[in-house]
Amino acid sequence: AQKITQTQPGMFVQEKEAVTLDCTYDTSDPSYGLFWYKQPSSGEMIFLIYQGSYDQQNATEGRYSLNFQKARKSANLVISASQLGDSAMYFCAMREGSSYKLIFGSGTRLLVRP
Amino acid sequence: DGGITQSPKYLFRKEGQNVTLSCEQNLNHDAMYWYRQDPGQGLRLIYYSQIVNDFQKGDIAEGYSVSREKKESFPLTVTSAQKNPTAFYLCASRNSDYGYTFGSGTRLTVV
């Protein structure tokens, strides 16, 4: 069965520094997609970045980059130059190939210190 | 602007009552999803629909029901059979491999 694991319940980072949020996944489907979402206290889910299983290069979106290591089944999110507004819950998710269901990890709460 | 509208934002239910959460989208997306989120937890899939008049159970469908009579609408009913319905409910739609759009959610509380 497909599974997403986020092992860091909470993380601290100093403003302007980089931080890595860990995500590992498990699937037997060769076609899948990996996502990162940000959820502020308001509850909305904000899409950050996407990586397809066949993409050769790591995805980047502004200050966000996804460190995709297919053999290790990891998809870590790197946030560069952290800002106070980055404080939120962060969820890693995987799209199942055939049903297009999104499966979520348990999340990491990031707190950016001034 | 296109998007997903969930209503109401806050909902209070007495024990033993059924309640219906609304989810409407004007994005012309075929697929729609309902997720439940408990405090400090990730999202769990309740039901999903790939096309009008068709839907499938997700991982935690017991105590919930849905309908998909129109492309734009995917209402979720929380029945009295759901033993612990207090949670945050999120609706989403999809138009591509990575084009998922989420609503702003409904917070349901049993009183």
Side-chain angles (χ1 to χ4, degrees), chain A residues 1-10 21 23-25 29-55 59 61 66 68 75 88-111, chain B residues 3-11 21 23 25 27 29-51 54-61 66 74 86-109:
Chain A
Q2 285 83 354
K3 188 177 179 181
I4 291 279
T5 303
Q6 294 181 254
T7 58
Q8 306 155 312
L21 306 184
C23 173
T24 58
Y25 61 93
D29 195 328
S31 176
Y32 54 90
L34 296 158
F35 301 74
W36 277 93
Y37 287 90
K38 172 183 178 181
Q39 188 181 45
S41 57
S42 58
E44 61 187 304
M45 297 293 283
I46 301 170
F47 167 76
L48 296 177
I49 198 165
Y50 168 80
Q51 179 87 40
S53 59
Y54 296 117
D55 294 343
E61 290 285 351
L66 198 152
F68 181 45
M89 281 288 287
Y90 287 82
F91 291 98
C92 181
M94 178 171 63
R95 182 201 73 231
E96 281 191 355
S98 56
S99 70
Y100 285 84
K101 294 188 290 185
L102 270 185
I103 301 165
F104 286 81
S106 56
T108 296
R109 182 171 298 279
L110 178 67
L111 184 61
Chain B
I4 294 185
T5 301
Q6 289 188 244
S7 61
K9 191 175 180 67
Y10 299 94
L11 186 58
L21 282 58
C23 177
Q25 53 104 354
L27 300 165
H29 290 178
D30 284 317
M32 297 186 74
Y33 305 81
W34 272 107
Y35 287 90
R36 169 181 171 142
Q37 185 179 27
D38 293 289
Q41 303 295 315
L43 280 65
R44 292 183 292 167
L45 183 63
I46 305 172
Y47 268 99
Y48 64 105
S49 168
Q50 304 276 38
I51 199 166
D54 186 47
F55 51 82
Q56 287 79 39
K57 293 182 179 179
D59 301 318
I60 56 165
V66 293
F74 192 38
T86 295
F88 185 54
Y89 292 86
L90 281 161
C91 179
S93 68
R94 179 184 62 82
N95 74 331
S96 68
D97 284 356
Y98 56 90
Y100 294 81
T101 302
F102 282 84
S104 55
T106 293
R107 292 190 187 277
L108 173 62
T109 304

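What you see below is based on every heavy atom in this structure, not just the backbone, and it leaves out hydrogens, waters and symmetry mates. Treat the numbers as computed from the prediction; the structure is a model and nothing was measured. Here is the naming used below: chain letters follow the sequence lines, and residue numbers restart at 1 for every chain.
Within a 6.0 Å sphere centred on OH of B/Tyr98, heavy atoms belonging to other residues, nucleotides or ligands number 12 at most.
Here A/Tyr25 pairs with A/Tyr32 under the side chain to side chain donor-acceptor pair (under 3.5 Å) rule; sequence neighbours left out. By the side chain to side chain donor-acceptor pair (under 3.5 Å) test, A/Gln51 is found to be paired with no residue, residues two or more places apart in sequence or in another chain being considered.
Contact check for A/Tyr100 versus B/Tyr48: no side-chain heavy atoms found under the 4.5 Å cut-off. In this structure the side chain of A/Leu102 reaches within 4.5 angstrom of the side chain of B/Tyr35, judged on heavy atoms. Between B/Gln56 and A/Lys101 the shortest side-chain heavy-atom distance does not fall below 4.5 Å.
Residue A/Ser31: no heavy atom, backbone or side chain, is found under 4.5 Å from chain B. Contact of A/Ile46 with chain B is not made at all, since no heavy-atom distance falls under 4.5 Å. Looking at B/Arg107, the atoms closer than 4.5 Å to chain A (heavy atoms on both sides) all sit in the side chain, from C-beta outward. Contacts of A/Gln6 with chain B are absent, with no heavy-atom separation under 4.5 Å from either backbone or side chain. Only the side chain of A/Phe91 comes within contact range of chain B, with at least one heavy atom under 4.5 Å from a heavy atom of that chain.
Distance check, rounded to the nearest 0.5 Å: CD of A/Glu96 to CG of B/Leu45 gives 9.0 Å. Separation of atoms CD (B/Gln41) and CE (A/Met89) is listed at 8.0 Å; rounding is to 0.5 Å.
The backbone N or O of B/Asp97 sits less than 3.5 Å from a side-chain atom of A/Arg95, completing a donor-acceptor pair.
The candidate from B/Tyr100, B/Tyr33, B/Phe102 with the greatest count of non-hydrogen atom pairs under 4.5 Å with chain A is B/Tyr100.
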